[in-house]
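Written out below as structure tokens is the structure these notes cover.
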Amino acid sequence: MKEELATRYEPSQFEQRIYAFWEAGGYFTPVVDKERPKFSIVIPPPNVTGRLHIGHALVNTLQDIIVRWKRMSGFNTLWLPGTDHAGIATQMVVEKQLAREGISRFDVGRDKFVERVWQWKEQHSTEIKDQLTRLGASADWTRERFTLDEGLSRAVRYVFVKLYEDGLVYRDLAIVNWCPQCRTAISDVEVEFREKNGKLYHIKYPVEGSDRAFIVATTRPETMLGDTGVAVHPEDERYREFIGKAATLPIVNRQIPIVGDAILVDPEFGTGVVKVTPSHDKNDYEAGLRNNLPQLQVIGEDGRMTAAAGAEFDGMDRNDARKRVVELLEQQGLLVKVEEHVHNVGVHGKCDTAIEPMVSRQWFVKIEPLAKPAIEAVRNGTITITPQSWEATYFNWMENIHDWTISRQLWWGHRIPAFHCPNGHTTVTMHDPATCPQCSAPVTQETDVLDTWFSSGLWPFSTLGWQGAGSEEDAPDYEVFYPTDTLITGFDILFFWVARMIMMGLRFTGKAPFSQVFLNGLVRDEQGQKMSKTKGNVIDPLDVVNEVGADALRFTLAVSASGRDIPLGKSRIQGYSAFVNKIWNASRFAMMHIDTELRDAKPIERDNLKTVERWILSRLNATTAEVNRQLSVFRFDEASNALYKFFWHEFCDWYIEMAKPVLLGRHGTDEDRALAKRVLLEVLDRSLRLLHPFMPFVTEEIWQKLGGVEPAVIIAPYPIAEEVLEDTEAERLTDAVKAVITTVRNVRAERGFTPKDRFTLYVRGNNARESNFFRENAYLLIELARLDEVAVEGEPPAGAHHDVVEGFHISIVFPEKVVSAEQLERVRRDIEKTQKELAAVEAKLADERFTSKAPPHIVDGARAQQAELRARLEKLQQNQ
RNA sequence: GCGGAGUUAGCUCAGCGGUAGAGCAUCUCGUUUACACCGAGGGGGUCAGGGGUUCGAAUCCCUUACUCCGCACCA
């Protein structure tokens with residue numbers, strides 16, 4: 001070896017150096033070659049001005065594992081990184097900044113404001129890259145994209161125009177979710193429901209020309225100012241006679257019609273009478289249209305009451321108005337009762353402000369024609385979603401989808417390419433018109449921008465240089481890398497993003513944008529609580545990287561990622577950092593003995609291998625198969641766990657210890673030693689390659705020193721299982737050796753001997769071959785079980801401890817017979833347990849239904865077990 | 001209300017038809033020359049309750065209870 005590893009594992013000493021080495025080597029950048037098998041994946045673009053949290057660390061680690069695995073497996077691999085302009089979120093950040101200066105965006109004006117957001121973006125745009133770099137993300141930074149880039153903006157405009165021309169984008173007056181805080185419309189998926197304790201107010205509405213009064217209930221009394229009707233069920237005997245008459249709206253004393261509406265009113269619920277506020281409630285809006293009730297907007301875009309609410313209320317905050325309305329109703333004796341009431345209040349997810357349903361002119365996407373093929377693509381397996389249970393959620397949502405509100409009254413985003421003229425003509429084109437094409441009047445551009453998710457929906461192809469359906473000008477990247485293969489993202493954006501990419505991809509490229517979706521769970525704290533700043537349980541991934549290195553964090557995330565939520569605590573990460581340390585130290589040990597560079601290493605001659613060497617290669621091979629299999633079905637936990645178990649508990653705990661006698665010259669010939677070194681190199685090399693996707697830094701740092709043919713492990717071939725390495729015989733015999741050693745250690749402790757006390761062990765093979773095996777490998781038992789001598793034949797003396805282990809009879813001869821009450825108790829318990837097991841097996845075998853109906857191999861297994869238990873019992877009884 | 005997931009060792013979870021597992025925690029022993037971020041070993045579970053299918057159920061079906069997550073939402 002040219003170089004040795006540092007004595008201590010200190011990730012900070014090499015992680016950043018290694019990343020720079022990869023980037024300089026161009027390993028993240030694939031070639032543009034249609035002939036080569038490719039693998040491509042696009043990053044879920046984080047907010048450009050954001051800071052990565054632990055959820056980002058998870059989703060990007062998982063992507064990187066797949067990406068590195070595919071790259072090493074020979075695919076021409078592209079991981080395309082980038083960021084999202086994140087309309088509302090980013091605009092809010094800059095608005096807050098302005099607020100600190102005591103001004104609002106309206107003070108600076110649209111152009112200046114947008115300029116400022118761009119400045120902010122430029123200042124922060126390298127942060128995301130820096131953070132992903134620290135995690136080891138092997139993304140192709142030469143292809144980094146931003147949703148407001150020229151190319152992406154062009155794609156956005158193309159799609160909008162095309163959808164408009166196809167009649168799938170339309171502008172209409174409708175009731176939408178309005179955020180009074182952000183002063184914009186938002187889509188249905190952006191509304192989150194929070195359970196809140198509220199009150200249910202029961203109010204009297206006197207019936208015109210009668211001494212009766214209807215009692216209606218509402219959680220929002222202030223909206224009554226906008227009531228334009230009262231509805232009852234048309235079949236309701238109690239109220240049928242009043243339909244067509246009018247009620248008097250309290251406070252404002254307006255006459256409002258009483259209508260019959262079977263859809264809005266459930267006669268079984270409450271009083272069976274409903275107040276109708278078409279301008280401020282979705283259901284009432286529909287009912288209003290059905291019954292020709294006028295719309296009266298009493299709450300404005302700013303959440304304050306309008307003039308239409310009456311002079312007293314004009315300009316009053318909607319919450320204050322509620323109190324005042326209740327006060328007035330009480331005074332007039334029209335408030336019947338107030339009940340405590342738990343209900344769900346819709347709030348804007350971004351700012352937590354209660355949503356105000358409001359009638360407003362917005363742009364929409366007619367979604368059903370897009371949803372149908374998107375449902376079909378998942379239904380017929382063109383796209384698979386893992387974990388599969390999410391498919392039900394996907395179908396449920398897609399089948400009940402409503403038109404998508406895409407216009408936002410914001411300034412930061414893709415401005416809608418629609419141009420209005422004073423004569424009411426609207427023009428939607430790829431190129432800005434100078435004048436109205438219909439009447440030549442001057443035009444002004446639509447002020448609204450598009451929902452951020454409109455542009456993210458195009459991400460898999462807009463980022464690759466797509467130019468429009470069937471265009472000749474599509475970039476080579478698009479030709480080579482589209483459609484992408486896998487999408488890895490959080491389940492929380494299944495509707496926001498994944499569903500929309502599927503719809504847009506199918507519509508505009510004719511292909512599903514990816515074939516596999518893996519949805520990862522939410523990272524929670526150790527107690528399963530959501531991480532939040534207020535709870536103070538947030539784990540910052542960069543802090544962790546600084547403390548224990550990226551590899552430990554990555555491995556912890558991988559080993560926890562089964563698709564469900566992940567409980568993550570510092571202690572857990574600490575635990576896996578011990579594993580990284582273990583790899584480091586095992587590698588140090590191996591490299592002290594290895595004296596051949598990997599590139600000069602001769603192929604291993606299997607015929608010369610010892611049993612334990614065939615065993616470790618067989619186990620490594622099984623692990624290789626397992627890792628590849630589990631990664632292909634996104635079981636990151638199973639894949640990483642298989643590696644953990646193999647490397648630590650098979651390679652380190654057993655194989656290295658078993659190889660030491662030979663490596664250190666206590667046993668065997670020079671040829672044996674050379675072969676042991678060769679096997680050590682083989683196992684280390686393959687293990688590092690297998691581990692590389694999970695812990696790229698430490699494996700690269702170590703592998704570099706092995707002198708491989710390839711310049712870096714990042715592009716070394718990923719191991720695949722080879723049948724020739726499988727060796728069940730070696731596994732069976734080595735398992736027996738391990739079990740015998742364990743038993744000796746066990747009995748030694750139970751009998752109160754110290755590790756320094758040495759014994760003679762009798763072990764008998766069941767045939768000459770096996771006896772010979774124990775004779776040849778006696779040194780393993782002697783070294784690892786700390787024995788004096790191993791006898792393969794002859795009768796053990798009386799008073800020895802007898803047992804049957806993995807089918808082999810053993811006897812441990814103590815220097816003196818030590819019998820304490822405690823030991824006898826153990827022996828008794830052992831016998832009792834064995835008797836119980838034997839009784840269970842014999843009962844089973846005595847049952848004719850079992851022996852006749854169970855498959856033969858199970859019955860045979862039970863018979864073998866019976867034989868072994870009988871033999872063991874007999875031996876154990878001799879210990880008494 | 002509809003849909004989904006879960007309930008297994010003190011904690012976090014795996015196993016999903018053939019003898020209950022892992023990691024962490026805990027206890028005991030050990031200064032073995034790769035590693036004390038270590039090694040060896042022990043203790044600890046009627047697999048939420050009830051029913052069914054089966055020769056056999058933690059595993060499949062039904063049911064009850066509780067927890068979590070979507071979606072919808074009744075004024």
Side-chain angles (χ1 to χ4, degrees), chain A residues 5 7-9 188-189 193 200 202 216-220 223 231 264-266 268-277 281-284 287 343-344 346 387 389-397 400 491-492 494-495 521-522 524 526-528 548 552 559-560 562-569 571-572 574-593 635 637-638 641 644-645 649 652-653 656-657 660 664 741-742 745-746 748-750 752 754-756 783-786 837 840-841 844 847-855 857-859 861-862 865 869:
Chain A
L5 284 178
T7 314
R8 288 176 57 84
Y9 164 62
D188 291 348
V189 277
F193 288 91
L200 189 61
H202 297 254
V216 301
T218 179
T219 54
R220 301 196 56 198
T223 62
L264 183 68
V265 186
D266 171 6
E268 305 296 318
F269 189 87
T271 57
V273 187
V274 183
K275 65 192 267 308
V276 185
T277 321
D281 181 280
K282 216 167 194 170
N283 292 318
D284 291 6
H343 62 142
N344 288 322
S389 55
W390 284 109
E391 287 185 1
T393 306
Y394 174 84
F395 291 134
N396 185 35
W397 188 73
N400 298 293
F491 67 81
D492 51 326
L494 177 60
F495 305 143
L522 196 67
R524 296 167 176 275
E526 286 140 307
Q527 276 79 43
V548 297
V559 90
S560 315
S562 63
R564 296 223 229 124
D565 284 0
I566 296 170
L568 185 76
S571 64
R572 203 179 171 105
Q574 206 67 46
Y576 285 106
S577 80
F579 180 46
V580 188
N581 186 59
K582 188 78 181 175
I583 291 168
W584 184 266
N585 282 301
S587 302
R588 274 181 59 220
F589 172 81
M591 288 163 68
M592 285 174 189
H593 297 284
R635 287 303 297 261
D637 56 335
E638 295 284 0
N641 219 344
Y644 179 93
K645 281 184 181 149
H649 299 306
C652 291
D653 287 353
I656 286 183
E657 295 307 319
K660 272 180 183 173
L664 301 173
I741 292 167
T742 302
R745 285 169 176 166
N746 220 321
R748 186 199 316 269
E750 285 173 4
T754 74
K756 289 205 173 80
E783 291 245 357
L784 299 187
R786 302 190 146 248
E837 283 173 23
V841 174
K844 206 150 67 162
D847 190 343
E848 191 271 332
R849 290 176 307 175
F850 173 70
T851 49
S852 63
K853 289 193 177 176
H857 74 276
I858 296 294
V859 179
Q865 198 189 354
L869 286 169

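Lettering of chains follows the sequences in order, A, B, ..., and the numbering in each one begins at 1.
- When the C1' atom is compared between B:rU8 and B:rA14, the two are found 10 Å apart, to the nearest whole Å.
- For A:Asp565, the side-chain hydrogen bond (donor to acceptor under 3.5 Å, both in side chains) partners are A:Arg524, not counting sequence neighbours.
- Counting to the nearest Å, the C1' atom of B:rC38 and the CH2 atom of A:Trp584 are 18 Å from each other.
- Not a single ring-ring contact (aromatic ring centres under 6.0 Å, His included) links A:His202 to another residue, sequence neighbours left out.
- With P as the reference atom, B:rU46 and B:rG6 are 23 Å apart, rounded to whole Å.
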* Take A:Phe850 and A:Ile858 through the side-chain contact (heavy atoms from CB on, under 4.5 Å) test and state the conclusion after the steps. => CA-CA 10 Å; A:Phe850 173 70; A:Ile858 296 294; 3.9 Å; yes
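- On the P atoms, B:rA20 is 39 Å away from B:rG1, given to the nearest whole Å.
- Rounded to whole angstrom, the span from the NE2 atom of A:His593 across to the C1' atom of B:rC35 amounts to 13 Å.
- Rounded to a whole Å, the NZ atom of A:Lys660 is 10 Å from the C1' atom of B:rG39.
- B:rG4 atom C1' lies 12 Å from atom CG of A:Leu494, rounded to whole Å.
- With sequence neighbours excluded, the residues satisfying side-chain hydrogen bond (donor to acceptor under 3.5 Å, both in side chains) with A:Glu848 are A:Ser852.
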* A:Val559 and A:Tyr576: CA distance, side-chain angles, deciding distance, side-chain contact (heavy atoms from CB on, under 4.5 Å) verdict -> CA-CA 9 Å; A:Val559 90; A:Tyr576 285 106; 3.4 Å; yes
* To do: For RNA chain B, just give me the dot-bracket, please: Watson-Crick or G-U, both distances below 3.5 Å, ( ) intra-strand, [ ] crossing earlier pairs, | paired with another strand, . unpaired.
  => ((((((((.[[[[.)..(..]]]].(((((.......))))).....[[[[[..)....]]]]])))))))....
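- With hydrogens and angles ignored, a donor-acceptor pair under 3.5 angstrom links the side chain of A:Lys582 to the base of B:rC35.
- With both ends at atom P, the span from B:rG23 to B:rG30 equals 23 Å, rounded to whole Å.
- Among the heavy atoms of the strands lying under 4.0 Å from A:Ile656 is at least one base atom, whether or not backbone atoms are also near.
- Atom name P, nucleotides B:rU7 and B:rG43: the rounded distance is 27 Å, in whole Å.
- Rounded to whole Å, the P atom of B:rC11 lies 13 Å from the corresponding atom of B:rG45.
- Applying the salt bridge (charged side-chain N to carboxylate O under 4.0 Å, His left out) rule to A:Glu657 yields the partners A:Lys660; only residues at least two apart in sequence or on another chain are considered.
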* Before giving the answer on side-chain contact (heavy atoms from CB on, under 4.5 Å), spell out for A:Asp188 and A:Lys282 the whole-Å C-alpha distance, their side-chain angles and the decisive distance to 0.1 Å. => CA-CA 12 Å; A:Asp188 291 348; A:Lys282 216 167 194 170; 3.5 Å; yes
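- A donor-acceptor pair under 3.5 Å links the side-chain atoms of A:Arg745 to the main chain of A:Leu784, judged by distance alone.
- Proximity of A:Ile656 to A:Phe589: side-chain heavy atoms (C-beta onward) are separated by under 4.5 Å at one or more points.
- Annotation: side-chain contact (heavy atoms from CB on, under 4.5 Å) contacts of A:Glu391 (sequence neighbours excluded): A:Val378, A:Ile385, A:Gln388, A:Phe395.
- In this view, A:Arg849 and A:Asp847 satisfy the side-chain hydrogen bond (donor to acceptor under 3.5 Å, both in side chains) rule, not counting sequence neighbours.
- Within the model, atoms OG1 of A:Thr218 and CG of A:Leu200 stand 7.5 Å from one another, a figure rounded to the nearest 0.5 Å.
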Pairs under 3.5 Å (N/O, protein and nucleotides 40-42 of chain B):
{"unit_1": "B:rA40", "atom_1": "O3'", "unit_2": "A:Arg745", "atom_2": "NH1", "d": "3.4"}
{"unit_1": "B:rG42", "atom_1": "OP1", "unit_2": "A:Asn746", "atom_2": "ND2", "d": "3.1"}

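- A gap of 39 Å separates the C1' atoms of B:rG70 and B:rU26, to the nearest Å.
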* Spell out protein contact along nucleotides 66-75 of chain B as letters: B when the base is contacted, S when just the sugar-phosphate is, - when no protein heavy atom is under 4.0 Å; keep the 5' to 3' order. => ----BSBBBB
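- Under the ring-ring contact (aromatic ring centres under 6.0 Å, His included) criterion, A:Phe491 pairs with A:Trp390, sequence neighbours left out.
- Among residues two or more places apart in sequence or in another chain, the ring-ring contact (aromatic ring centres under 6.0 Å, His included) test is passed with A:Tyr9 by A:Trp584.
- Between A:Phe589 and A:Asn581, the residue anchored nearer the 5' end of RNA chain B, judged by the nucleotide with its closest heavy atom, is A:Phe589.
- No option in A:Thr223, A:Asp281, A:Asp284 other than A:Thr223 meets the side chain to side chain donor-acceptor pair (under 3.5 Å) test with A:Lys275.
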* **Contact letters for nucleotides 14-27 of chain B, in which S counts primed atoms plus P, OP1 and OP2 and B counts the base, heavy atoms under 4.0 Å** => SS--BB---S----
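- For A:Arg786 and B:rG39, the CZ to C1' distance is 11 Å, given to the nearest whole Å.
- In this structure, CD of A:Gln574 is placed 15 Å from C1' of B:rC38, rounded to the nearest angstrom.
- The gap from the P atom of B:rU31 to that of B:rA40 amounts to 16 Å, rounded to the nearest Å.
- Counting to the nearest Å, the C1' atom of B:rA5 and the CG atom of A:Leu522 are 14 Å from each other.
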